[in-house]
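Since the model is a prediction, treat every value here as computed from it, not as a measurement.
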Amino acid sequence: MSSSLDQRTAPAPEGSRPTPLPRRTRAYALPEVRWALAALGLFLLALPPYLLGGPAWLWGALFAGAYATGGWEPGREGLKALRERTLDVDLLMVVAALGAAAIGQVLDGALLIAIFATSGALEAVATARTADSVRGLLDLAPATATRLLADGAEETVDAGLLAVGDTVLVRPGERIGADGEVVGGASEVDQATITGEPLPVPKETGDEVFAGTVNGTGALRVRVGREPSDSVIARIVRMVEEASRTKAPTQLFIEKVEQRYSVSMVLATLAVFAVPLAFGDDLTSALLRAMTFMIVASPCAVVLSTMPPLLSAIANAGRHGVLAKSAVVMERLGQVDAVALDKTGTLTEGTPRLTDVRPLPGTGLDADALLRLAASAEHPSEHPLARAVVDAARERGLALAPADAFAATPGRGVTATVEGRRIELGSPARLLPDTHHARVHPHSDTHAAHPEADHARVHPENDPAPLVRELEEAGSTAVAVLRDGEPVGVLGVADRLRPDAAATVAALTRLTGRAPVLLTGDNERAARRVAGRVGITDVRAGLLPEEKVAAVRAWEAEGRRVLVVGDGVNDAPALAAAHCGVAMGRAGSDLALETADAVVVRDELAAVPAVVALSRAAHRLVVQNLVIAGAFIAVLVAWDLFGTLPLPLGVAGHEGSTVLVGLNGLRLLRSTAWPRPARG
């Protein structure tokens, strides 16, 4: 799949509207799914007549169909591997299923085929979904852009045809078509998809902007600085694709000995057949002994030693709001020994909320009256800070007054007439001249007011500067409120920390033996403030997506198995590159949800250490099951080799061990098996 942005649409006849590429592959469109459904359906149809003593021709034909539809694909892949001088479990399972059918155990063989076909179908669906989400990422960049010509005229062009040096006009509310530099205008740009910053960032002449980010209420003229195929969004696409291809597949525990066991079993079966025959045993007796050996030495119990604990862990995690996409993922979660956390939307809620309402003394306003005035003036605004103020007023049940003469200036703020009084809200640095010495929050000028407000009258006895400094040092964005030119109060707005963030960090530290690392595209000051509150000391801030990937790969090169937890498009490459990636579900982008190995559906951060602990419990059960299965196989094989093991008894022993390890693995289905999550 091409990573360039000019491949967003399928070819269309000249003059017609391009047809968008499909963004979601239907499961039934995948051949693996169709074959698996056919095998499973035929197996289920054959089961009643077989168990009820129906005609053999009926259930025999249905079972044969299940063998054919479900076994031809793994059989073909196994033969391909055999030509490359390797032997995998897929081929061994097909041979074991055919061997079981040859000695009358048709049901066992068909069940084995159906399980393998279903597993392959689920893997194919997961792969297709990831490819869909990567293609869908290209939609973040607009298909067209408005290019400005030398004579001042405008023309609409395909964004993929923009060249370095072109100047484009970005109108309010539009997505920016290319990476570049602002050469005219002022606005606020929501670039959460790239940097993860929770609030729009003010942009003016000389500032850098990225393709796919959303312009605010101002108009911008942007000089293209990179080819569309080299934009940050395009690089994210390439990084996700590359990481998905090169990420070393972590095999299930039992598959690590797959080759040796498979080869040994095949050679041993041939020897059990050939050696007695060479010493004069009759063909039927030698064949029966060899078939019995194949059944009792079959890895069915060994395979089931691994799958039931992991599948039970997946089911239990699902009931508690964590979706692990495969058994391999569930195993990987327990192997991690280092954790990297995103900030916005992961450690924090990702949505600005009102934290403080501070009326100034002598204004005649209490907290509710100040909030009502501010929310009434902000009500027509679409800015995230305005929404936080209005939402807080509604939560308190305050009745908002109509706002007249509303005006919003990008990068400066709002003015409105409320109940006959002129209300202004914006950055203290612009509204309050006496606060120029205050330490300004990195986002504080994202909601400033009109230039004429720069001359607000501030009485020394009613100076808001100390309040501004207090709020900003606490990590909030300060918003000054003026009434008829006089400051009447200050509001504090911040992205609230999740209540279970600190407990989650402590739990992950205990599980892995080292404290998590904070990887974020947000600014250094905001990142360190959040890290300090949750107990993280290693902070990497201001990172672009490729820099997050580089950090993860550096840790992997040191031998660490890294768990990355994030939620945004900018986290997707790191989620794909990590040993295991977990996405926060509620606010997570489509790309992050599809790229991640697991999703916290209920958006509870404390579920992350809980599912890691559950995975480790599943691994312990896998080891127990392997010991049980190995003991049964050793006893039955020795009986068959050195004595005369009746075939029914061999089948009973084989099936008994399979049932035993299966039931042992199902212990993780109990609600008490879910580790108690960390609580704030």
Side-chain angles (χ1 to χ4, degrees), residues 188 216-218 352-436 438 440-441 443-472 476-493:
E188 297 162 343
T217 56
R353 295 180 181 273
L354 187 71
T355 58
D356 296 271
V357 182
R358 304 287 188 90
L360 295 176
T363 61
L365 299 175
D366 59 13
D368 282 352
L370 175 63
L371 179 57
R372 179 176 176 272
L373 273 183
S376 298
E378 291 275 27
H379 185 258
S381 175
E382 80 292 345
H383 195 282
L385 292 183
R387 291 197 295 269
V389 173
V390 174
D391 289 345
R394 287 173 173 166
E395 289 173 3
R396 297 192 186 191
L398 302 179
L400 304 186
D404 300 321
F406 174 83
T409 302
R412 301 197 64 83
V414 301
T415 302
T417 300
V418 178
E419 298 178 335
R421 311 295 290 271
R422 182 168 175 263
I423 306 300
E424 300 165 271
L425 291 95
S427 166
R430 296 185 184 271
L431 289 179
L432 306 174
D434 288 345
T435 63
H436 68 276
V440 180
H441 188 272
H443 298 303
S444 61
D445 61 351
T446 63
H447 205 49
H450 285 176
E452 60 268 22
D454 290 348
H455 304 290
R457 299 181 299 277
V458 181
H459 298 295
E461 68 274 10
N462 204 20
D463 186 5
L467 287 180
V468 172
R469 286 193 294 271
E470 179 184 343
L471 291 177
E472 292 182 346
S476 297
T477 296
V479 180
V481 183
L482 276 67
R483 182 177 60 186
D484 294 333
E486 290 282 355
V488 292
V490 182
L491 306 179
V493 181

TODO: Output the distance between atom CD (Glu470) and atom CG (Asp356), rounded to the nearest 0.5 Å.
DONE: 7.5 Å
Task: Euclidean distance, Leu400 CG relative to Leu373 CG, rounded to 0.5 Å - done: 10.5 Å
Open item on the list: Using 0.5 Å steps for rounding, measure from the CD atom of Glu424 to the CG atom of Asp484.
Closed with: 8.5 Å
Open item on the list: Testing the basics here: between Ala375 and Val390, what is the closest heavy-atom pair and its distance to 0.1 Å?
Closed with: O-CG2, 3.7 Å
Open item on the list: If you apply the rule side-chain contact (heavy atoms from CB on, under 4.5 Å), what do you find for Val389 with Val479, and how did you get there?
Closed with: CA-CA 10 Å; Val389 173; Val479 180; 5.9 Å; no
Task: Contact summary for Arg422 and Thr415, nearest pair of heavy atoms - done: NE-CG2, 3.9 Å
TODO: Find the distance between CZ (Arg394) and CZ (Arg387) and round it off to the nearest 0.5 Å.
DONE: 11.5 Å
TODO: For Glu378 and Val414, work out which heavy atoms get closest and say how close.
DONE: OE1-CG2, 3.6 Å
- [ ] Decide side-chain contact (heavy atoms from CB on, under 4.5 Å) for Arg421 and Val488; before the verdict, give the C-alpha distance in whole Å, the side-chain angles of both, and the deciding distance to 0.1 Å.
- [x] CA-CA 12 Å; Arg421 311 295 290 271; Val488 292; over 6 Å; no
TODO: Over all heavy atoms of both residues, which pair between Leu425 and Leu491 is shortest? Give the atoms and the distance, please.
DONE: CD2-CD1, 4.3 Å
Task: Worked verdict on Leu360 versus Leu467 for side-chain contact (heavy atoms from CB on, under 4.5 Å) - done: CA-CA 9 Å; Leu360 295 176; Leu467 287 180; 3.5 Å; yes
Task: Contact summary for Ala377 and Ala403, nearest pair of heavy atoms - done: CA-CB, 4.4 Å
Open item on the list: Distance check, rounded to the nearest 0.5 Å: Leu370 atom CG versus Arg358 atom CZ?
Closed with: 11.5 Å
Open item on the list: How close do Arg372 and Ala401 get, counting heavy atoms only, and between which atoms?
Closed with: NH2-CB, 3.7 Å
Task: Distance, nearest 0.5 Å, that separates CG of Leu371 from CG of Leu354 - done: 6.0 Å
